[in-house]
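From a predicted model like this one, the values you see are computed outputs, not experimental measurements.
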Amino acid sequence: MKLHKFHILRITLRILIVIAIIGVSCKKLDNPTEGIKLIVNYDLIKASFSIKFINAKTSEPIGLSDGKIVEITITGQDKDKVLDVTGVKNSYYKYESAGGFFGLSIDPNVQPSEANPVEFTVVAEANGFVNNSIPFSVKSEQHLSLVVQMVEINNPPEGVDVVSDNTGNANNGVVSNDIVLTTDPVSTTFSTSTLTIPKDVVLKDASGTKLNGTLTTSFIYLSNRHDESLASFPGGLITNINTVTNPVLFYSAGYAAIEIKDASGRKAKIIEG
């Protein structure tokens with residue numbers, strides 16, 4: 001094949017350009033930050049919250065050494081105004097912790113005030129832990145750090161009683177037998193808590209898929225008489241009277257959480273019938 005001088009020159013130039021690019025790339029790999037300036041303006045974020053999720057028994061951040069992840073869901077009337085700490089909003093309002101830590105912020109275009117607070121709830125879930133929730137009513141520009149305790153079902157702190165049962169069974173979502181769980185008597189009052197799941201109720205997961213097979217049911221009672229269990233109570237209790245929603249103050253006799261899983265690990269979120 002005969003090449004004209006013009007073609008040979010063009011091929012030579014291309015080779016030289018490639019060599020030059022490789023040379024520059026190799027130089028930059030020695031110091032990839034050379035010539036780069038990163039400017040972050042934190043003044044844009046006027047309200048932010050740093051949340052640490054810890055094991056109520058060990059006080060260790062969840063996920064720091066055990067590899068677990070806290071799944072976080074933002075709910076409530078102003079969830080659209082909540083961003084993660086980098087300023088990004090997830091369209092599904094779902095986030096994950098990093099080593100037990102999570103940061104969120106309020107949209108910098110929103111000005112919270114006493115008259116117009118930003119109200120939302122953070123719901124935290126982690127495999128093997130009792131869910132928890134934290135209500136927020138942001139009325140001013142602020143930067144806060146919070147600690148949220150979560151109860152590990154297989155390693156509960158003082159004041160938490162866990163009872164498990166695996167005698168239940170579901171066929172296409174329908175529970176085939178009564179499931180009854182009762183906590184141990186409280187040492188000071190000798191009171192107990194009993195959970196009954198009657199046969200024929202229908203159990204579904206969050207997506208509406210019906211549970212099947214052997215059911216593992218955990219009934220967790222948190223006493224109101226111990227600091228560790230009290231600190232693990234979820235927040236956000238409200239009442240709805242004549243369509244008007246109001247926060248309430250009450251004296252608790254304790255708190256109970258229920259977890260039901262089928263043979264495939266699907267968790268019951270919907271109970272019908």
Asks: In the hydrophobic cluster built from side-chain contacts under 4.5 Å, what are the other members alongside Leu195?
Replies: Val163, Val175, Ile179, Leu181, Ile197, Val201, Leu203, Leu211, Leu215, Phe219, Ile258, Ile260, Ile271
Asks: With clusters defined by side-chain heavy atoms of hydrophobic residues (ILVMFWY) lying less than 4.5 Å apart, directly or transitively, does Ile72 cluster with Leu144?
Replies: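 Same hydrophobic cluster.
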Asks: Between Asn132 (side chain only) and Gln149 (backbone N and O only), is there a donor and an acceptor less than 3.5 Å apart?
Replies: yes
Asks: Evaluate side chain to side chain contact (heavy atoms under 4.5 Å, CB included) for Ile62 paired with Met150, printing each intermediate quantity in order.
Replies: CA-CA 9 Å; Ile62 299 170; Met150 297 180 68; 3.8 Å; yes
Asks: Report yes or no: do Tyr93 and Val148 belong to one cluster of Ile/Leu/Val/Met/Phe/Trp/Tyr joined by side chain heavy-atom distances under 4.5 Å?
Replies: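 Linked within one cluster.
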Asks: Would you confirm whether Ser97, through its side chain, and Val70, through its main-chain N or O, come within 3.5 Å as a donor-acceptor pair?
Replies: yes
Asks: Begin from the C-alpha positions of Lys94 and Glu71 and carry the test salt bridge (Lys or Arg N to Asp or Glu O under 4.0 Å) through to its verdict.
Replies: CA-CA 7 Å; Lys94 292 184 177 295; Glu71 298 178 349; over 6 Å; no
Asks: Among side-chain atoms of Thr182 and Thr194, is any donor-acceptor pair under 3.5 angstrom?
Replies: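 Thr182 vs Thr194: donor-acceptor pair found between side chains.
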Asks: List the atom of His143, the atom of Ala47, and the distance in Å for their closest heavy-atom pair.
Replies: CE1-N, 4.1 Å
Asks: Might you point out which heavy atoms bring Thr121 and Pro135 nearest each other, and give the distance in Å?
Replies: OG1-CA, 4.0 Å
Asks: Hey, are the side chains of Val85 and Leu104 touching, using non-hydrogen atoms and a 4.5 Å cut-off?
Replies: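 No, side chains not in contact.
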Asks: With rounding to the nearest 0.5 Å, note down the distance linking CG in Asn154 to CZ in Phe129.
Replies: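 Answer for the CG-CZ pair, Asn154 versus Phe129, is 9.5 Å.
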Asks: Return yes if a side-chain donor-acceptor contact under 3.5 Å exists between Asn155 and Lys57, otherwise no.
Replies: yes
Asks: Strictly by modelled atom types, are Lys261 and Thr216 linked by a side-chain donor-acceptor pair under 3.5 Å?
Replies: no
Asks: Looking only at heavy atoms, which two atoms of Val130 and Ala257 are closest? And how far apart?
Replies: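 Looks like CG1-CB, 3.5 Å.
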Asks: Look only at the side chain of Thr183 and the backbone of Ser193, and say whether a donor-acceptor pair between them is shorter than 3.5 Å.
Replies: yes
Asks: Could you give me the CA-CA distance, side-chain angles and deciding distance for Lys204 and Arg266, then say whether side chain to side chain contact (heavy atoms under 4.5 Å, CB included) is met?
Replies: CA-CA 8 Å; Lys204 300 178 181 179; Arg266 284 188 291 264; over 6 Å; no
Asks: What heavy-atom pair brings Pro61 and Lys52 nearest, and what distance separates the two atoms?
Replies: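 Scanning both residues completely, I find the closest heavy atoms to be CG-CD, 4.2 Å.
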Asks: Hey, could you give me the CG/OG distance between Asn166 and Ser218, rounded to the nearest 0.5 Å?
Replies: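 One gets 9.5 Å once the value is rounded to the nearest 0.5 Å.
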Asks: Same cluster or not: are Val122 and Val110 linked, directly or through other Ile, Leu, Val, Met, Phe, Trp or Tyr residues, by side-chain heavy atoms under 4.5 angstrom apart?
Replies: yes
Asks: Determine the interplanar angle of the Phe136 and Phe49 rings, folded into 0 to 90°, and report it as parallel if under 30°, tilted if 30 to 60°, perpendicular if over 60°.
Replies: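 Perpendicular, since the angle between the ring planes exceeds 60°.
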Asks: Which pair of non-hydrogen atoms, one from Tyr95 and one from Ile74, has the smallest distance, and what is that distance?
Replies: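 So the two residues come closest at CE1-CG1, 3.8 Å.
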Asks: Is it possible for you to say whether Ile51 and Val82 belong to one hydrophobic cluster, with membership spreading through side-chain heavy-atom contacts below 4.5 Å?
Replies: yes
Asks: To the nearest 0.5 Å, what is the distance between CG on Asp200 and CG on Asp178?
Replies: 8.5 Å
Asks: Would a distance-only check, ignoring hydrogens and angles, find a side-chain to backbone donor-acceptor pair under 3.5 Å from Asn171 to Val174?
Replies: no
Asks: Would you call Leu222 and Val151 a side-chain contact if the rule is heavy atoms closer than 4.5 Å?
Replies: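 Yes, close enough: below the 4.5 Å cut-off.
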Asks: Within a strict 4.5 Å, meaning less than it, do heavy atoms of the Asn177 and Asn169 side chains meet?
Replies: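 A side-chain contact exists here, since the closest heavy-atom pair is under 4.5 Å.
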Asks: Side chain of Asn116, backbone of Ser113: donor and acceptor closer than 3.5 Å?
Replies: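 Flag not set: sc Asn116 to bb Ser113 has no pair under 3.5 Å.
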Asks: Ion pair present between Lys269 and Glu125, side-chain N to carboxylate O less than 4.0 angstrom?
Replies: yes
Asks: Go through the structure and list residues passing ring-ring contact (aromatic ring centres under 6.0 Å, His included) with Phe101, not counting sequence neighbours.
Replies: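 For Phe101, no residue satisfies ring-ring contact (aromatic ring centres under 6.0 Å, His included) once neighbours in sequence are set aside.
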Asks: Give the minimum heavy-atom separation between Asn212 and Gly173, together with the two atoms involved.
Replies: OD1-N, 4.1 Å
Asks: Quick check against the 3.5 Å criterion: does Lys89 have a side-chain atom that pairs as donor or acceptor with the backbone of Asp84?
Replies: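 Answer holds: no.
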Asks: Find the distance between CG (Asp205) and NZ (Lys210) and round it off to the nearest 0.5 Å.
Replies: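 Spacing of CG (Asp205) from NZ (Lys210) equals 12.0 Å.
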Asks: Between Thr58 (side chain) and Glu60 (backbone), is there a donor-acceptor pair under 3.5 Å?
Replies: yes
Asks: How many angstroms lie between atom OG of Ser50 and atom CG of Leu146, to the nearest 0.5 angstrom?
Replies: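 So the gap between those two atoms works out to 8.0 Å.
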Asks: Do we see a donor-acceptor contact under 3.5 Å between the side chains of Glu152 and Asn55?
Replies: yes
Asks: So how far is it from Asn127 CG to Lys68 NZ, rounded to the nearest 0.5 Å?
Replies: 5.0 Å
Asks: Is there side-chain contact between Glu119 and Ser137, with at least one heavy-atom pair below 4.5 Å?
Replies: yes
Asks: Output yes when a side-chain donor or acceptor of Asp107 lies under 3.5 Å from a complementary backbone atom of Lys81, and no otherwise.
Replies: no
